[in-house]
Amino acid sequence: MPVNTISKLRLSSSNRIRGQTAILFAAALWGTTGTVASFSQLSALAIGAFAMGIGGVLLATMARKKLISDAGKLVHLKKELIIGALAVATYPLAFYSSMQFAGVAIGTVVSIGSAPFATALLERLFSKKSTLDNRWLLSVVIGLIGIILLTYSENMGSLQDDANSIKMIGIILGILAGVTYAVYSWVARSMIEKGVQSESAMGSLFALSALILLPSLLFTGEHLFSNMTNIIVVCYMAVIPMFIGYLAFGFGLRYVQASKATLLTLFEPVVAAVLAVLIVGESISLIGWFGIVLIITCLFLQSQNKTKTVKTING
């Protein structure tokens with residue numbers, strides 16, 4: 001094999017690993033949000049609007065120079081930008097409401113677990129090339145079984161009808177969160193593939209969504225700074241999982257397809273479930289822990305080298 005081909009293979013593999021690591025890091029940060037939010041008495045709408053809104057302002061500020069340089073491309077992609085921003089604005093409201101109604105573990109699992117399937121459908125319908133192979137399909141099946149087991153483990157039939165109805169509302173909101181998460185992930189990846197820098201893509205989507213989210217705090221955010229706990233919670237949510245997490249996620253999207261990126265974020269509900277048990281006091285049965293093992297197996301399959309694909313790219 002020629003030396004330059006070997007170098008390309010190594011570089012591609014190194015970039016892929018960096019991208020996957022960045023996405024897993026982002027997922028770990030996102031997995032802390034439900035537990036941290038449980039310490040405040042704020043509404044899900046207020047937490048979601050503040051965290052994603054301020055996080056969006058920070059991302060846009062960080063990327064201001066690249067946003068200026070990519071302004072022409074962003075204007076050309078205004079349709080994608082508007083769709084992605086609406087999805088970004090909807091996601092936190094649905095996500096945090098889902099956790100409030102269904103619990104931290106179930107809300108997170110349903111929200112993130114439904115995203116890979118929605119993303120795969122988007123790529124199948126709109127992308128020129130399909131990135132779905134046998135390994136992806138196998139990992140999806142394993143991950144889906146893990147999600148079902150983990151969700152079922154928190155709902156073992158001990159709940160009353162009213163409580164079950166509330167949880168069902170949470171699950172529906174979780175599916176909405178998963179779909180909107182898939183939409184803005186796919187839009188961001190599409191913008192990057194069309195020449196927009198990753199910082200500009202994420203910064204523009206979140207900045208535009210902030211224009212929608214932040215004004216809503218006039219109606220939902222009256223207690224945001226009423227005590228030190230609320231202040232710590234909302235500042236943590238805006239800076240750590242939203243700002244730093246989405247910087248890492250945007251970096252990862254440079255090297256990882258959207259369908260694979262959303263599948264890797266199945267690490268988030270694992271982190272959320274463990275923290276929900278250890279800190280919040282939620283309970284997960286043995287079958288739920290087996291579901292977590294299956295989700296980790298799904299992540300392992302996704303992390304394996306795609307030698308065949310790399311060789312095809314390099315001829």
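Hydrogens, waters and symmetry mates play no part in the numbers below; they use all other heavy atoms, side chains included.
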Would you compute the distance between atom [atom1] of [X] and atom [atom2] of [Y] and round it to the nearest 0.5 angstrom?
{"X": "Ile166", "Y": "Ile171", "atom1": "CD1", "atom2": "CD1", "value": "12.5 Å"}
{"X": "Leu77", "Y": "Ser190", "atom1": "CG", "atom2": "OG", "value": "7.0 Å"}
{"X": "Leu93", "Y": "Thr90", "atom1": "CG", "atom2": "OG1", "value": "6.5 Å"}
{"X": "Leu208", "Y": "Leu211", "atom1": "CG", "atom2": "CG", "value": "5.5 Å"}
{"X": "Leu58", "Y": "Phe243", "atom1": "CG", "atom2": "CZ", "value": "5.5 Å"}
{"X": "Ser185", "Y": "Phe249", "atom1": "OG", "atom2": "CZ", "value": "3.5 Å"}

Please tell me whether [X] and [Y] are part of a single hydrophobic cluster in this structure, the criterion being side-chain heavy atoms less than 4.5 Å apart.
{"X": "Phe290", "Y": "Leu138", "value": "yes"}
{"X": "Leu218", "Y": "Leu42", "value": "no"}
{"X": "Val280", "Y": "Phe39", "value": "no"}

What I'd like to find out is whether the side chain of [X] reaches to under 4.5 Å of the side chain of [Y], using heavy atoms alone.
{"X": "Lys66", "Y": "Ser198", "result": "no"}
{"X": "Asn230", "Y": "Asn227", "result": "yes"}
{"X": "Ser216", "Y": "Leu45", "result": "no"}
{"X": "Leu74", "Y": "Met191", "result": "yes"}
{"X": "Ile54", "Y": "Met242", "result": "no"}
{"X": "Phe50", "Y": "Met237", "result": "no"}
{"X": "Phe206", "Y": "Val57", "result": "no"}

Closest approach of [X] to [Y] (non-hydrogen atoms, all atoms of both residues):
{"X": "Val196", "Y": "Ala201", "answer": "CG1-N, 3.6 Å"}
{"X": "Ala102", "Y": "Gly107", "answer": "CB-N, 4.2 Å"}
{"X": "Val187", "Y": "Glu80", "answer": "CG1-O, 3.3 Å"}

Establish, from distance only, whether the side-chain atoms of [X] and [Y] form a donor-acceptor pair under 3.5 Å.
{"X": "Tyr91", "Y": "Ser209", "result": "no"}
{"X": "Thr33", "Y": "Glu268", "result": "no"}
{"X": "Arg18", "Y": "Ser14", "result": "yes"}

- Within 6.0 angstrom of Phe225 CZ, more than 12 heavy atoms from elsewhere: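 Counting other residues, nucleotides and ligands, CZ of Phe225 exceeds 12 neighbours.
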- Got more than 12 heavy atoms from elsewhere within 6.0 Å of CZ, Phe25? no
- Is it true that Arg254 and Glu199 have a side-chain N and a carboxylate O under 4.0 angstrom from each other?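 Here Arg254 pairs with Glu199 in a salt bridge, since their nearest N and O are under 4.0 Å apart.
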- Once the angle between the rings of Trp30 and Tyr246 is folded into 0 to 90°, is it parallel (under 30°), tilted (30 to 60°) or perpendicular (over 60°)? tilted
